Structures are given as C-alpha cells and as structure tokens.
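Just so you know, residue 1 is the first one in the sequence shown, and it goes up from there. When a ligand or atom number is given, it counts from 1 through the structure's own listing order. These figures come from a predicted structure and were not determined experimentally.
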Amino acid sequence: MELKIYHMYPDLLNLYGDLGNVTCLRQRCQWRGIDVEVVGFSMNHEVPLDEGDLFFIGGGSDRGQNIVYSHLLKYTRMMGDLIEDGAPVLAICGGYQLLGEKYIDADGNDVPGLGIFDYHTRSEEGRLIGNIIIENSLGLNPETLVGFENHGGRTYHDHQALGKVKVGYGNNGQDSEEGMVYQNCIGTYLHGPLLPKNPHLADYLILKALERKYGLKELSSLDDQPEYAAHEKVLKLYSP
Ligand code: GLN
C-alpha cells in the first residue's frame with residue numbers, strides 16, 4: 001500500500017512545529033510497511049491536487065496566509081470536491097481559517113478564504129495563547145487531545161466541533177468549542193505539533209486515507225508508550 005501525503009505550502013504555513021505532523025504521519029505509515037511519498041505543494045510547485053491521499057495544511061502568519069489565500073483560490077473547487085469525496089484533510093489554525101469564507105485581519109481587512117465552509121474568522125484584541133486540552137467528538141480513545149494554541153483570530157460556526165475545550169480557548173474563547181469536522185476534514189487550532197502527542201488522531205487520518213483508497217478497515221497497532229507518555233504529561237501539567 002502507498003499513500004501520497006500532500007503538505008500544502010510547507011514554506012509559508014509552518015508554525016509551532018506543524019512540520020512534525022507530516023513527519024509523524026509518514027513515520028507511522030512506514031512502521032507499518034506502508035509506503036509514503038510526501039509532496040510539497042506550493043506557489044512554485046503546483047502538482048495535481050487530486051492525486052493526494054491525505055492533505056496537511058499548517059498555520060501561518062497573516063502575511064503567509066494572505067499569499068496562500070490568493071494562490072489557492074483557483075483550487076477551491078478541487079479542494080471542495082476532495083473533501084466531499086472523503087479525502088482526509090488536517091488544517092491547522094491559519095489553514096483552518098483558510099477553508100472558511102474569510103479572515104478579517106487585525107487591521108479590519110477582509111482576506112477571502114476558499115469558502116468551502118460557511119464560517120469566518122475575525123482577529124480580535126488579545127491573542128489566545130497557551131496549552132490546550134480538549135475532549136474529542138470523533139469517538140477516539142483516549143478522549144483527550146492535547147496541543148498548543150496561538151491565534152488572534154476567533155472562528156464562529158455551527159458545524160460539528162473537533163471537541164469540547166477543557167483547558168484553553170479553542171475556536172473563540174467563548175463557546176468552549178474547538179475546531180471543526182466535516183466528512184474527514186478536520187480544522188483545529190492545535191499546534192504543537194499536534195499528531196506526535198496524539199497518535200490516535202494520527203491513526204484516524206491514516207486509516208481514513210487507506211479506507212478511501214484500499215477499503216482497509218483496521219490498522220495494525222504500534223507501541224505508542226512514548227507518545228502517550230507525552231500526552232499524559234501534558235494532561236498532568238495543565239489539567240485543572
Ligand atoms: N494569523 C492567524 C491568527 O493569528 C493564524 C495564526 C496561526 O496559524 N497560528 O489567528
């Protein structure tokens with residue numbers, strides 16, 4: 001079996017260890033004997049999007065986001081179709097905001113998003129920074145997901161959230177919701193990187209990709225002791 005992981009704009013969207021998510025996905029596949037090709041998709045390296053099996057979009061500065069928004073706009077339809085077809089996508093922070101209708105930056109300028117989802121994000125006074133713990137809505141065991149958030153943008157929507165905030169801020173610091181899930185597309189504010197400390201979420205994405213491509217129903221298990229030790233440590237340090 002073979003997976004093509006598309007790392008979207010690795011040169012422009014890569015904050016707070018986001019690259020580690022791609023390393024984690026690749027490594028967890030390779031440990032299981034699944035071949036992986038990581039394809040960097042960016043301004044000067046446009047490759048056919050529909051050849052990807054799993055998509056990762058990291059977070060970025062407002063400047064990086066702005067550049068990406070205008071470039072990726074022409075792929076809106078294709079990205080939307082892939083999501084509708086069940087392609088797994090993990091979009092973090094600026095990447096998550098990018099999938100919505102618009103991002104209103106700190107100067108009040110509208111930066112149009114892809115508009116695949118009907119939410120928007122507004123930059124408001126005071127950044128939402130710190131370690132974050134949520135309880136996931138995907139039915140994953142353990143229930144917790146841990147990460148680090150740092151965003152000025154507040155996102156508001158009625159879609160399924162990725163989880164309930166137990167510690168930290170999440171989408172907007174108000175409604176205790178974090179992230180968004182639609183089909184196999186996950187938007188979230190959790191950096192960190194997210195996946196190495198949450199191997200259950202990494203495997204969720206890998207299995208969705210393999211299910212879509214090969215009809216696979218189950219992944220072989222790995223020894224995740226170090227990963228869950230890191231996960232537990234975060235819970236211990238930051239739980240109330
Ligand atoms: N610029 C966005 C914000 O501050 C995204 C930041 C990020 O990706 N961490 O809301």
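In this structure, His71 has its ring center under 6.0 Å from that of Tyr9. Taking the six-membered ring for Trp and the full ring otherwise, His200 and His231 have centroids separated by under 6.0 Å. For His157 and Phe117, the gap between ring centers reaches or exceeds 6.0 Å.
Those atoms of ligand 1 that come under 4.0 Å of a heavy atom in Tyr103, given as number and element, are 1 (N), 2 (C), 3 (C), 10 (O). For ligand 1, the atoms sitting less than 4.0 Å from at least one non-hydrogen atom of Gly59 are 8 (O), numbered in the order shown with element in parentheses. Ligand 1 places these atoms under 4.0 Å from at least one heavy atom of Asp62: 1 (N), 2 (C). Distances below 4.0 Å separate heavy atoms of Tyr16 from the following atoms of ligand 1: 9 (N). Every atom of ligand 1 is numbered from 1 in the order shown, and the set under 4.0 Å from a heavy atom of Asn150 is 6 (C), 7 (C), 9 (N). Close contacts between ligand 1 and Leu15 involve ligand atoms 7 (C), 8 (O), 9 (N) [criterion: under 4.0 Å to a heavy atom].
For ligand 1, the polar-atom distance check against Gly94 finds a nitrogen or oxygen pair separated by under 3.5 Å. Ligand 1 has an N or O atom lying under 3.5 Å from an N or O atom of Gly153, backbone or side chain. Considering backbone and side-chain N/O atoms, Gly60 comes within less than 3.5 Å of an N/O atom of ligand 1. Inclusion of His191 in the set of residues having an N or O under 3.5 Å from an N or O of ligand 1 is warranted.
Nearest-heavy-atom check against atom 2 (C) of ligand 1 across Arg127, Gln65, His151 picks out Gln65.
Separation of atoms NE2 (His151) and CZ (Arg127) is listed at 8.5 Å; rounding is to 0.5 Å.
Closest to atom 3 (C) of ligand 1, if we only count protein heavy atoms, is Gly152 N, 3.5 Å. Counting protein heavy atoms only, atom 7 (C) of ligand 1 is closest to Cys93 SG, 2.8 Å.
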**Request:** Show your working on salt bridge (charged side-chain N to carboxylate O under 4.0 Å, His left out) between Asp203 and Arg28 and close with a plain yes or no.
**Result:** CA-CA 8 Å; Asp203 282 358; Arg28 295 185 72 78; 2.8 Å; yes

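With Tyr119 as reference, Tyr96 is the one residue of Tyr182, Tyr103, Tyr96 to meet the ring pair (Phe, Tyr, Trp, His ring centres under 6.0 Å) rule.
In the hydrophobic clustering, where aliphatic and aromatic side chains (Ile, Leu, Val, Met, Phe, Trp, Tyr) are joined below 4.5 Å either directly or transitively, Leu19 stands alone.
A salt bridge does not link Asp53 with Lys4: every distance from a Lys NZ or Arg NE/NH1/NH2 to an Asp or Glu carboxylate oxygen is 4.0 Å or more.
Counted by atom type alone, Thr155 and Gln97 present zero donor-acceptor pairs between their side chains at under 3.5 Å.
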